Amino acid sequence: INAEYMGIIKHQGIMEILEKAAANPEKLNLEGYNYYELAELKKAIESEINVLSNSFDQLRVGASKYAEGKEKLNVFEEKESKGKEILVPLTTSVFIPGTLDNIDHVMFEVGASYSVEDTIPKAKAFYERRVDEIKKNMMLLSKIIEGKSKQREDVLLAIQDMVIKIQQQQQAMTCLLYTSPSPRDLSTSRMPSSA
(Lines give C-alpha, C1' and ligand atoms only; values in the text may rest on other atoms or scores of the structure.)
Protein backbone atom coordinates (compact mmCIF):
# COMPACT_ATOMS: atom_id res chain seq x y z
CA ILE A 1 0.00 0.00 0.00
CA ASN A 2 1.51 3.33 -0.94
CA ALA A 3 0.52 6.97 -0.98
CA GLU A 4 -0.44 6.80 -4.63
CA TYR A 5 -2.89 3.98 -3.85
CA MET A 6 -4.35 5.93 -0.94
CA GLY A 7 -4.79 8.97 -3.21
CA ILE A 8 -6.66 6.85 -5.74
CA ILE A 9 -9.02 5.64 -3.02
CA LYS A 10 -9.79 9.23 -2.01
CA HIS A 11 -10.25 10.59 -5.53
CA GLN A 12 -12.45 7.82 -6.86
CA GLY A 13 -14.96 8.08 -4.03
CA ILE A 14 -14.28 4.58 -2.75
CA MET A 15 -14.06 5.94 0.78
CA GLU A 16 -17.69 7.07 0.58
CA ILE A 17 -18.71 3.64 -0.69
CA LEU A 18 -16.80 1.95 2.14
CA GLU A 19 -18.39 4.24 4.71
CA LYS A 20 -21.91 3.53 3.41
CA ALA A 21 -21.27 -0.22 3.26
CA ALA A 22 -19.89 -0.24 6.79
CA ALA A 23 -22.79 1.82 8.15
CA ASN A 24 -25.55 -0.21 6.45
CA PRO A 25 -24.66 -3.87 5.96
CA GLU A 26 -27.19 -5.23 3.51
CA LYS A 27 -29.82 -7.57 4.97
CA LEU A 28 -30.38 -10.45 2.60
CA ASN A 29 -33.87 -11.57 1.60
CA LEU A 30 -33.44 -15.34 1.41
CA GLU A 31 -37.06 -16.26 0.67
CA GLY A 32 -37.62 -18.22 -2.50
CA TYR A 33 -34.07 -19.58 -2.81
CA ASN A 34 -33.59 -23.30 -3.20
CA TYR A 35 -30.83 -25.26 -1.49
CA TYR A 36 -28.37 -25.03 -4.41
CA GLU A 37 -28.88 -21.28 -4.82
CA LEU A 38 -28.26 -20.78 -1.10
CA ALA A 39 -25.10 -22.88 -1.31
CA GLU A 40 -23.84 -20.75 -4.23
CA LEU A 41 -24.70 -17.56 -2.35
CA LYS A 42 -22.76 -18.84 0.66
CA LYS A 43 -19.73 -19.53 -1.55
CA ALA A 44 -19.94 -16.04 -3.09
CA ILE A 45 -20.14 -14.37 0.33
CA GLU A 46 -17.19 -16.43 1.60
CA SER A 47 -15.21 -15.37 -1.47
CA GLU A 48 -16.01 -11.71 -0.73
CA ILE A 49 -14.94 -12.18 2.88
CA ASN A 50 -11.62 -13.66 1.72
CA VAL A 51 -10.95 -10.74 -0.64
CA LEU A 52 -11.86 -8.21 2.04
CA SER A 53 -9.71 -10.01 4.62
CA ASN A 54 -6.74 -9.99 2.23
CA SER A 55 -7.26 -6.25 1.66
CA PHE A 56 -7.40 -5.75 5.43
CA ASP A 57 -4.09 -7.60 5.80
CA GLN A 58 -2.50 -5.45 3.08
CA LEU A 59 -3.68 -2.30 4.83
CA ARG A 60 -2.20 -3.56 8.11
CA VAL A 61 1.15 -4.14 6.37
CA GLY A 62 0.99 -0.68 4.81
CA ALA A 63 0.26 0.95 8.16
CA SER A 64 3.17 -0.84 9.80
CA LYS A 65 5.54 0.24 7.00
CA TYR A 66 4.54 3.89 7.38
CA ALA A 67 4.87 3.65 11.17
CA GLU A 68 8.28 2.03 10.74
CA GLY A 69 9.33 4.82 8.36
CA LYS A 70 8.33 7.43 10.93
CA GLU A 71 10.34 5.62 13.63
CA LYS A 72 13.42 5.48 11.40
CA LEU A 73 13.34 9.25 11.06
CA ASN A 74 14.20 9.53 14.77
CA VAL A 75 17.79 8.55 13.93
CA PHE A 76 18.20 11.75 11.92
CA GLU A 77 17.04 13.98 14.75
CA GLU A 78 20.08 13.07 16.82
CA LYS A 79 22.69 15.80 16.34
CA GLU A 80 25.58 13.31 16.55
CA SER A 81 24.18 11.65 13.41
CA LYS A 82 25.90 14.21 11.15
CA GLY A 83 28.96 12.62 9.57
CA LYS A 84 27.85 9.13 10.63
CA GLU A 85 28.55 6.33 8.15
CA ILE A 86 25.51 4.40 6.95
CA LEU A 87 24.53 1.89 4.29
CA VAL A 88 22.38 3.42 1.55
CA PRO A 89 19.99 1.00 -0.17
CA LEU A 90 20.11 0.89 -3.95
CA THR A 91 17.70 -2.04 -4.14
CA THR A 92 16.18 -4.31 -1.51
CA SER A 93 19.36 -6.37 -1.46
CA VAL A 94 22.13 -3.99 -2.65
CA PHE A 95 23.60 -1.33 -0.36
CA ILE A 96 26.49 1.13 -0.72
CA PRO A 97 28.34 2.96 2.05
CA GLY A 98 27.47 6.61 2.61
CA THR A 99 27.85 9.44 5.09
CA LEU A 100 25.10 11.55 6.61
CA ASP A 101 25.82 15.14 5.61
CA ASN A 102 22.54 17.07 5.71
CA ILE A 103 20.39 15.81 8.57
CA ASP A 104 17.86 18.64 8.28
CA HIS A 105 16.25 17.26 5.11
CA VAL A 106 15.37 13.71 4.11
CA MET A 107 14.05 12.00 0.99
CA PHE A 108 11.04 9.81 1.60
CA GLU A 109 8.76 7.77 -0.60
CA VAL A 110 5.28 9.16 -1.19
CA GLY A 111 4.17 6.69 -3.85
CA ALA A 112 5.33 3.97 -6.17
CA SER A 113 8.72 5.22 -7.38
CA TYR A 114 8.03 8.78 -6.17
CA SER A 115 10.15 10.42 -3.51
CA VAL A 116 10.11 13.90 -1.99
CA GLU A 117 12.80 15.87 -0.19
CA ASP A 118 11.55 17.76 2.86
CA THR A 119 12.23 18.43 6.53
CA ILE A 120 12.04 15.67 9.10
CA PRO A 121 8.95 17.11 10.86
CA LYS A 122 7.09 17.27 7.52
CA ALA A 123 8.14 13.72 6.69
CA LYS A 124 6.89 12.54 10.08
CA ALA A 125 3.61 14.40 9.59
CA PHE A 126 3.21 12.71 6.20
CA TYR A 127 3.74 9.27 7.72
CA GLU A 128 1.31 10.04 10.58
CA ARG A 129 -1.39 11.14 8.12
CA ARG A 130 -0.95 7.97 6.09
CA VAL A 131 -1.13 5.74 9.17
CA ASP A 132 -4.29 7.54 10.32
CA GLU A 133 -5.91 7.19 6.88
CA ILE A 134 -5.05 3.52 6.68
CA LYS A 135 -6.35 2.85 10.20
CA LYS A 136 -9.62 4.58 9.31
CA ASN A 137 -9.89 2.37 6.20
CA MET A 138 -9.11 -0.69 8.32
CA MET A 139 -11.92 0.16 10.73
CA LEU A 140 -14.39 0.59 7.86
CA LEU A 141 -13.24 -2.62 6.23
CA SER A 142 -13.55 -4.45 9.54
CA LYS A 143 -17.19 -3.35 9.81
CA ILE A 144 -17.86 -4.51 6.24
CA ILE A 145 -16.28 -7.89 7.00
CA GLU A 146 -18.49 -8.17 10.10
CA GLY A 147 -21.56 -7.42 7.96
CA LYS A 148 -20.54 -10.03 5.37
CA SER A 149 -19.95 -12.55 8.15
CA LYS A 150 -23.46 -11.87 9.45
CA GLN A 151 -24.82 -12.42 5.93
CA ARG A 152 -22.93 -15.73 5.74
CA GLU A 153 -24.43 -16.78 9.09
CA ASP A 154 -27.93 -15.87 7.83
CA VAL A 155 -27.41 -17.99 4.72
CA LEU A 156 -26.09 -20.90 6.81
CA LEU A 157 -29.16 -20.69 9.06
CA ALA A 158 -31.44 -20.64 5.99
CA ILE A 159 -29.64 -23.73 4.63
CA GLN A 160 -29.97 -25.51 8.00
CA ASP A 161 -33.68 -24.63 8.18
CA MET A 162 -34.18 -25.93 4.65
CA VAL A 163 -32.39 -29.20 5.46
CA ILE A 164 -34.53 -29.65 8.59
CA LYS A 165 -37.73 -29.04 6.59
CA ILE A 166 -36.64 -31.52 3.92
CA GLN A 167 -35.86 -34.13 6.59
CA GLN A 168 -39.25 -33.55 8.24
CA GLN A 169 -41.01 -33.91 4.88
CA GLN A 170 -39.13 -37.15 4.19
CA GLN A 171 -40.08 -38.49 7.63
CA ALA A 172 -43.72 -37.58 7.05
CA MET A 173 -43.65 -39.36 3.70
CA THR A 174 -42.05 -42.40 5.31
CA CYS A 175 -44.74 -42.52 7.99
CA LEU A 176 -47.46 -42.27 5.35
CA LEU A 177 -45.98 -45.17 3.42
CA TYR A 178 -46.08 -47.44 6.46
CA THR A 179 -49.55 -46.43 7.67
CA SER A 180 -51.41 -46.30 4.37
CA PRO A 181 -53.43 -49.41 3.47
CA SER A 182 -52.34 -51.23 0.38
CA PRO A 183 -54.81 -51.89 -2.47
CA ARG A 184 -54.70 -55.59 -1.55
CA ASP A 185 -55.88 -54.75 1.94
CA LEU A 186 -58.87 -52.89 0.51
CA SER A 187 -59.97 -55.84 -1.67
CA THR A 188 -59.94 -58.29 1.22
CA SER A 189 -61.56 -56.02 3.70
CA ARG A 190 -63.88 -57.64 6.25
CA MET A 191 -66.04 -54.60 6.33
CA PRO A 192 -69.50 -55.30 4.93
CA SER A 193 -70.18 -53.53 1.75
CA SER A 194 -73.15 -51.27 1.62
CA ALA A 195 -74.84 -52.75 -1.39
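The structure displayed is predicted, hence computed values, not measured ones.
- Closest non-hydrogen pair, Ala158 versus Leu30, comes out as CB-CD1, 3.8 Å.
- By the 4.5 Å heavy-atom criterion applied to side chains, Phe126 and Val116 are not counted as neighbours.
- The side-chain heavy atoms of Ile159 and Lys42, taken from C-beta on, include a pair separated by under 4.5 Å.
- Met107 and Leu100 fall into different hydrophobic clusters, where Ile, Leu, Val, Met, Phe, Trp and Tyr residues are linked whenever their side-chain heavy atoms come under 4.5 Å apart, directly or through other members.
- Between Arg130 and Glu133, at least one side-chain N (NZ, or NE/NH1/NH2) sits under 4.0 Å from a carboxylate O, which counts as a salt bridge.
- With contacts defined as side-chain heavy-atom distances shorter than 4.5 Å, the pair His105/Thr119 qualifies.
- Glu68 and Lys72 are joined by a salt bridge, as a carboxylate oxygen and a charged side-chain nitrogen come within less than 4.0 angstrom of each other.
- Between Leu59 and Ser55 the shortest side-chain heavy-atom distance does not fall below 4.5 Å.
- We find the CE-CG distance between Met139 and Asn137 to be 10.0 Å, quoted to the nearest 0.5 Å.
- The NZ atom of Lys150 sits 12.0 Å away from atom CD of Glu146, with the distance rounded to the nearest 0.5 Å.
- In this structure, Glu40 contributes its side chain and Glu37 its backbone to no donor-acceptor pair below 3.5 Å.
- Between Asp161 and Lys165 there is no salt bridge, since no side-chain N of the basic residue sits under 4.0 Å from a carboxylate O of the acidic one.
- With hydrophobic clusters built from ILVMFWY side chains whose heavy atoms lie under 4.5 angstrom apart, Leu38 shares a cluster with Val163.
- Linking Ile, Leu, Val, Met, Phe, Trp and Tyr residues whenever their side-chain heavy atoms come within less than 4.5 Å leaves Val106 and Phe95 in two separate clusters.
- Two different hydrophobic clusters hold Leu41 and Val51 under the rule that ILVMFWY side chains link at heavy-atom gaps under 4.5 Å.
- Smallest separation of non-hydrogen atoms from Asp118 and Lys122: OD1-CD, 3.2 Å.
- With a 6.0 Å radius and a threshold of 12 heavy atoms from other residues, nucleotides or ligands, Tyr33 has its OH atom at or below the threshold.
- Side-chain atoms of Ser142 never come within 3.5 Å of backbone atoms of Met138 as a donor-acceptor pair (strictly under, hydrogens ignored).
- Using a 4.0 Å cut-off between charged nitrogen and carboxylate oxygen, Arg129 and Asp132 do not count as a salt-bridge pair.
- A single hydrophobic cluster is seen to contain both Tyr66 and Tyr114, as judged by linkage of ILVMFWY side chains at heavy-atom distances under 4.5 Å, directly or through other members.
- For the residue pair Asn102 and Asp104, the shortest heavy atom distance occurs at OD1-N, 3.0 Å.
- Atom NZ of Lys148 is separated from atom CG of Asn50 by 12.5 Å, given to the nearest 0.5 angstrom.
- When all heavy atoms are compared, the tightest approach of Met162 to Asn34 is SD-C, 3.8 Å.
- With values rounded to the nearest 0.5 angstrom, Ser53 atom OG is found 11.5 Å from Glu48 atom CD.
- Shown here for Ala67 and Val131, the closest heavy-atom pair between the two residues is N-CG2, 3.7 Å.
- Remark: Glu71 pairs with Asn74 by the side chain to side chain donor-acceptor pair (under 3.5 Å) rule, at least two apart or across chains.
- Between the CD1 atom of Ile96 and the CG atom of Leu87 there is a distance of 9.5 Å, given to the nearest 0.5 Å.
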Full working for side chain to side chain contact (heavy atoms under 4.5 Å, CB included) between Tyr127 and Leu73:
CA-CA 10 Å; Tyr127 283 133; Leu73 289 173; 3.8 Å; yes

